[in-house]
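To start, the structure under review is shown below, and the notes come after it.
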Amino acid sequence: MSDPEFPDRPVFYLDVKDESPYDLACRFYRGLGASGHLLRKVDNSLWAVFSGSKPHRLFTVDEFKGYAQAFYDFRKIVRYPNGEHPTSISLRRDQAADLFYSPASRLLPELKHLIIDPCIICNSYTDQPSLTPPGFDPASGVFYYLPPGSSPIKPVEETRYLTECFSGVPFERASYRNNLVGWLLGGLILNSGIESPLLVFTGNQPGIGKTKTMEAVGYILTGEVPLAIAHYGEEFEKQLSALFLKNLRFVAFDNISAQRGATGVFRNSRLASLLTEDGGGFKKARILSQSSFVYQSAVLFSMTANNCKLDDDLTCRALPIKLYRDKLQAMKPFVLDYAQKHRRELYAELLGLAFNNQFTIGDDIFPAFRFRRWLKFVLPRIITSFGDPAAKTPPMALDEVREVSDAVVEFYTFLLEMDNGGWEFNSQDLAQHIKSQPQRLEGLHRRLENVNPRARNSELGKFLTTLVDQEFSSPPELVYLR
């Protein structure tokens, strides 16, 4: 009940008879939780909310004390000769510290996501999408901050801006463009069980546009050009925790390189575990010079690579974006400029994609791909808007198929050069070719080298089936696998 003298702040008595410190803290947090003025994250950090303002993390006891004074009118009963009278007092620092560190803060509603643009929450059973409403939604734990006087971005059922934005990017095939749009779409999903793979940009030469395309992707999703962080050692953990402390979820690595002695292969076991760890949708990083961790939800990882391949652990967690151009030339439109100029339209079209689905896919599509729920949400929508429903092959390219595709083209070219009059081959022939090319087809070679021949031929046979009727470029002609 509010005191008439302080209509905007509820009265909170600090000297209730026979009340323990823990019970006092429970009363304190229940009141703030019910009012929506205070939320907590999984790492027990406290986030203050004022009407019309973006939630703000309270890092210190002194900061918390100031906000507590703004939330409550603290009182105690003062006894005078003529009776007892409630008197307003200031919260002492030791009292604020007891409240700040009290386990009773777990009574607060959990803030899982803090976003500034609408995102997608999928039904836990059907994966049907819905838009996040403005404000705090206790059911999903999402706080969508919409500044006063501004209007939310709404879904648009077209892809004109998405198509034009990336029309100047030299994708090796249209399927890699579809990979990129699919990853952008997946970046809007906040469900803990629908994690996004690592987005990896590669190209046949430097200066082809990998970094600027990655920056455009980050800008479309977050409204900020991402700053790349270190991809090795203590600096990686330090800079990752700094991003999470700022509530940033887009993590970029630029121009990754192999460690000394790694023979051109990039390894980062910490990154690999982050990509698929089961943390309830949260990634955690140790705070510099502390024993505590900071948590972030719906984290997205992206990187560019030159003359460097990923090891097995990262390859099976990656979504490739392969660029190719015979001769460097200007990118028109310049992808980052276009993204900055038309971000709102691009974002609206991505939201529209989430609700434009006419297909379902089975487990036989890209069977070895680890991010199954992500794929089952993204791929049908890419087929609907960018694919040919009658095509026998999916309109996206995953590494497991891409490298087999490379092997098919190489082996076919090899047969042409041999000019033996027969261009037919089976999975056993292809396996022998992969075995003879450990450097060129390193990922497949490592994956299959310790597998018995029968299982190896069977697995390659499944891969070859996915490539039937797919078009391959094998100079000087096009090849179709039958």
Side-chain angles (χ1 to χ4, degrees), residues 32 37-50 53-68 96-97 99-103 105-106 108-117 119 132 136 140-145 147 187 190 192 195-196 198-199 214-215 217-219 221-254 268 270-275 277-303:
L32 287 177
H37 283 316
L38 197 64
L39 306 171
R40 69 169 181 90
K41 279 195 171 184
V42 69
D43 56 5
N44 291 321
S45 60
L46 302 179
W47 293 72
V49 182
F50 282 110
S53 299
K54 187 178 179 181
H56 170 73
R57 181 173 180 176
L58 305 176
F59 285 95
T60 66
V61 171
D62 291 325
E63 202 176 2
F64 172 79
K65 179 175 177 290
Y67 273 99
L99 291 169
F100 185 69
Y101 294 112
S102 173
S105 65
R106 295 192 184 96
L108 292 170
E110 183 179 350
L111 173 63
K112 294 182 179 179
H113 311 275
L114 174 56
I115 57 177
I116 59 172
D117 293 301
C119 286
T132 51
F136 181 64
S140 62
V142 177
F143 194 110
Y144 167 24
Y145 173 65
L190 298 182
S192 60
E195 302 274 0
S196 292
L198 168 68
L199 189 69
M214 180 176 70
E215 290 177 351
V217 167
Y219 190 85
L221 290 176
T222 69
E224 299 180 15
V225 176
L227 297 177
I229 68 171
H231 50 269
Y232 280 128
E234 292 184 0
E235 279 299 308
F236 166 59
E237 195 77 14
K238 172 185 173 182
Q239 295 177 28
L240 184 65
S241 66
L243 288 181
F244 290 177
L245 285 169
K246 295 176 182 177
N247 194 48
L248 299 177
R249 67 187 187 99
F250 191 96
V251 182
F253 308 97
D254 197 22
N268 188 323
R270 173 75 174 114
L271 175 59
S273 65
L274 278 168
L275 285 162
E277 70 181 3
D278 185 11
F282 292 91
K283 311 299 181 186
K284 66 179 181 179
R286 185 181 296 277
I287 302 175
L288 181 65
S289 303
Q290 297 185 30
S291 59
S292 58
F293 292 86
V294 60
Y295 292 73
Q296 183 59 284
S297 58
V299 179
L300 301 167
F301 294 94
S302 178
M303 65 170 56

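Note that the coordinates shown come from a computational prediction; the quantities given were computed from them, not determined experimentally. One-based numbering along the sequence shown.
Residues meeting the side-chain hydrogen bond (donor to acceptor under 3.5 Å, both in side chains) test with Asn44, sequence neighbours left out: none. With sequence neighbours excluded, the residues that form a salt bridge (charged side-chain N to carboxylate O under 4.0 Å, His left out) with Asp117 are Arg343. Partners of Glu63 under the side-chain hydrogen bond (donor to acceptor under 3.5 Å, both in side chains) rule, at least two apart in sequence or in another chain, are His56. Looking at residues two or more places apart in sequence or on another chain, you find a side-chain hydrogen bond (donor to acceptor under 3.5 Å, both in side chains) between Ser292 and Gln290. The side chain to side chain contact (heavy atoms under 4.5 Å, CB included) test applied to Lys238 returns Glu235, Leu288, not counting sequence neighbours. In this view, Ile229 and Phe236, Gln239, Leu240, Leu243, Val251, Phe253 satisfy the side chain to side chain contact (heavy atoms under 4.5 Å, CB included) rule, not counting sequence neighbours. Partners of Phe50 according to the ring-ring contact (aromatic ring centres under 6.0 Å, His included) rule, which considers only residues two or more places apart in sequence or in another chain, are Tyr67, Phe71. When the salt bridge (charged side-chain N to carboxylate O under 4.0 Å, His left out) test is applied to Arg286, no partner is found at least two apart in sequence or on another chain. Every side chain to side chain contact (heavy atoms under 4.5 Å, CB included) that Leu245 has, sequence neighbours left out, goes to Arg57, Phe59, Ile287, Val294. Applying the side chain to side chain contact (heavy atoms under 4.5 Å, CB included) criterion to Ser297, with sequence neighbours excluded, gives His113, Phe282. Every residue meeting the side-chain hydrogen bond (donor to acceptor under 3.5 Å, both in side chains) condition with Ser45, not counting sequence neighbours, appears here in chain and number order: Asp43, Trp47. Phe64 meets the ring-ring contact (aromatic ring centres under 6.0 Å, His included) test with Phe28, Phe100; sequence neighbours excluded.
Heavy atoms only, all atoms of each residue included: Ser196 and Leu275 are closest at O-CD2, 4.5 Å. Looking at every heavy atom in both residues, Leu38 comes nearest to Pro109 through O-CD, 4.0 Å. Considering every non-hydrogen atom in both Tyr145 and Lys54, the closest pair reads CE1-N, 3.3 Å. Nearest heavy-atom pair across Ala252 and Met214 is CB-CE, 3.9 Å. Considering every non-hydrogen atom in both Glu215 and Pro226, the closest pair reads O-CD, 3.6 Å. Summarising the geometry of Ser302 relative to Leu198, their closest heavy-atom pair is N-CD1, 4.0 Å, with the distance given to 0.1 Å.
At least one donor-acceptor pair under 3.5 Å links the side chain of Thr132 to the backbone N or O of Cys119. A distance-only check finds a donor-acceptor pair linking the side chain of Lys283 to the backbone of Leu274 [under 3.5 Å].
The line from CZ of Phe143 to CD1 of Ile116 is 13.0 Å long, rounded to the nearest 0.5 Å. Residue Arg40 holds its CZ atom at 14.5 Å from CG of Leu58, rounded to the nearest 0.5 Å. Note that CD of Gln296 is 14.0 Å distant from NZ of Lys112, once rounded to the nearest 0.5 Å.
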From CA spacing to verdict: side chain to side chain contact (heavy atoms under 4.5 Å, CB included), Thr222, Leu248
CA-CA 8 Å; Thr222 69; Leu248 299 177; over 6 Å; no
Using side chain to side chain contact (heavy atoms under 4.5 Å, CB included), reason through Met303 and His231 one step at a time and then give a plain yes or no.
CA-CA 9 Å; Met303 65 170 56; His231 50 269; over 6 Å; no
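Using a 4.5 Å cut-off on side-chain heavy atoms (C-beta onward), Val49 and Leu39 make contact. Contact check for Leu108 versus Leu46: side-chain heavy atoms found under the 4.5 Å cut-off.
For the 3.5 Å distance criterion, the side chains of Lys41 and Asn247 qualify, holding a donor opposite an acceptor.
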